[in-house]
Amino acid sequence: VITFTDAGNDFTGAAALNNSRANNVAVTDANGINLGASSVGTGTLTVNGVGVTQSGAITQAAAAGAATFNGGAGAITLTNGSNDFTGAVSLNNSVANNVAIADANVINLGTSNVGTGTLTVNGVGITQSGAITQAAAAGAATFNGGAGVITLTDAGNDFTGAVALNNSGANNVAVTDANGINLGAS
């Protein structure tokens, strides 16, 4: 178990989080946090900061628990192409800050609430296990599923920016929005 959740924490260098088995990992930074190369077991992963970035790949063991990234009033930029999230990934931030995440394989998005910035998700297939909500008048939401399906059919989804859905091959694409949906170039 790794638990560094004191609100006064202020990591100035890359924070590498490594453990194994069913042990949870939780870290909080009073400011922005930069995650170094991290390999965690099957427990949950929770990261809190005023912005979340990375300088190394983040990998979860097979069948891991949820990975939750709370960026507060900061951007979330987790775009290392070697990331491998095996649990549901929740992305939460506020105001006009962009959110971007990449997974080397299929990514399962958990309940996520993002601000008015853009939302970009890259994986070899994109699914969800919780609703995705953008703040009013948000930027574009772009989902790049590579050679995989894109299945975003939670009835609670609320996309307020233009939604672009891109994949290749004989792979289905499905999206649901609780309100009207504006489809962008796809």
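The basis for the numbers below is simple: all heavy atoms, side chains too, and nothing from hydrogens, waters or symmetry mates.
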Would you say the side chains of D103 and N122 form a donor-acceptor pair under 3.5 Å?
no
V52 side chain near L35 side chain, heavy-atom distance below 4.5 Å
yes
Kindly say whether A102 contributes a backbone atom to a donor-acceptor pair with the side chain of N83 at under 3.5 angstrom?
yes
Between the main-chain N or O of G139 and the side-chain N or O of Q134, is there a donor-acceptor pair closer than 3.5 Å?
yes
Is there a path of hydrophobic side-chain contacts, each under 4.5 Å between heavy atoms of I/L/V/M/F/W/Y residues, joining V124 to L78?
no
Following the transitive rule for hydrophobic clusters with a side-chain heavy-atom cut-off under 4.5 Å over Ile, Leu, Val, Met, Phe, Trp and Tyr, establish whether I2 and F85 coincide in one cluster.
yes
Per-pair distances, 0.1 Å, donor-acceptor, side chain in residues 147-157, under 3.5 Å, sequence neighbours excluded:
| residue | atom | partner | partner atom | Å |
| --- | --- | --- | --- | --- |
| D154 | OD1 | G156 | N | 2.7 |
| N157 | OD1 | Q128 | NE2 | 2.9 |
| N157 | OD1 | I132 | N | 3.0 |
| N157 | ND2 | Q128 | OE1 | 2.9 |
| N157 | ND2 | L152 | O | 3.2 |
| N157 | ND2 | D154 | O | 3.3 |
| N157 | ND2 | T176 | O | 3.2 |

Let's go through L91 and I101 carefully: what are the C-alpha distance in whole Å and the side-chain angles of both, what is the deciding distance for side chain to side chain contact (heavy atoms under 4.5 Å, CB included) to 0.1 Å, and is it a yes or a no?
CA-CA 9 Å; L91 305 162; I101 191 163; 3.9 Å; yes
Check for a donor-acceptor pair, side chain of T160 on one end and backbone N or O of A138 on the other, with a separation under 3.5 Å.
yes
Can you name the nearest heavy-atom pair linking V40 to L17, along with the distance?
CG1-O, 3.6 Å
Quick check against the 3.5 Å criterion: does N24 have a side-chain atom that pairs as donor or acceptor with the backbone of V1?
no
Ignoring hydrogens, what is the shortest heavy-atom contact between I76 and F69? Give both atom names and the distance.
CD1-O, 3.6 Å
Determine, step by step, whether N93 and N70 satisfy the side-chain hydrogen bond (donor to acceptor under 3.5 Å, both in side chains) criterion, reporting the C-alpha distance in whole Å, the side-chain angles of both residues, the deciding distance to 0.1 Å, and the verdict.
CA-CA 6 Å; N93 79 342; N70 298 309; over 6 Å; no
Hey, what do you get for OG (S38) to CG (L45), rounding to the nearest 0.5 Å?
8.0 Å
With sequence neighbours excluded, tell me which residues meet side-chain contact (heavy atoms from CB on, under 4.5 Å) with A100.
T79, T120
Does any non-hydrogen side-chain atom of I33 lie less than 4.5 Å from one of V27?
yes
Run T44 and T68 through side chain to side chain contact (heavy atoms under 4.5 Å, CB included) and show every step you take.
CA-CA 8 Å; T44 60; T68 303; over 6 Å; no
Under 3.5 Å: donor-acceptor pair, side chain of D84, backbone of A104:
no
Donor-acceptor contact present, side-chain T5 to main-chain T3, <3.5 Å
no
Should V114 and V95 be regarded as members of a common hydrophobic cluster, given that ILVMFWY residues are connected when their side-chain heavy atoms come within less than 4.5 Å of each other, either directly or indirectly?
no
What pair of heavy atoms forms the shortest contact from T42 to A61, and how long is it?
CG2-CB, 3.9 Å
Taking all non-hydrogen atoms of both residues into account, name the closest pair between A164 and A185 and its distance.
CB-O, 3.2 Å
Are the side chain of D177 and the backbone N or O of F159 linked by a donor-acceptor pair below 3.5 Å?
yes
Main-chain N/O of G184 paired with S186 side-chain donor or acceptor, under 3.5 Å:
yes
Give the minimum heavy-atom separation between A16 and A37, together with the two atoms involved.
CB-O, 3.4 Å
Ignoring hydrogens, what is the shortest heavy-atom contact between N80 and Q54? Give both atom names and the distance.
N-OE1, 3.0 Å
Please test N92 against S90 for side chain to side chain contact (heavy atoms under 4.5 Å, CB included), starting from the C-alpha separation and ending with a verdict.
CA-CA 7 Å; N92 304 292; S90 294; 4.1 Å; yes
Do you reckon V173 sits in the same ILVMFWY cluster as I107, going by side-chain contacts under 4.5 Å, direct or chained?
yes
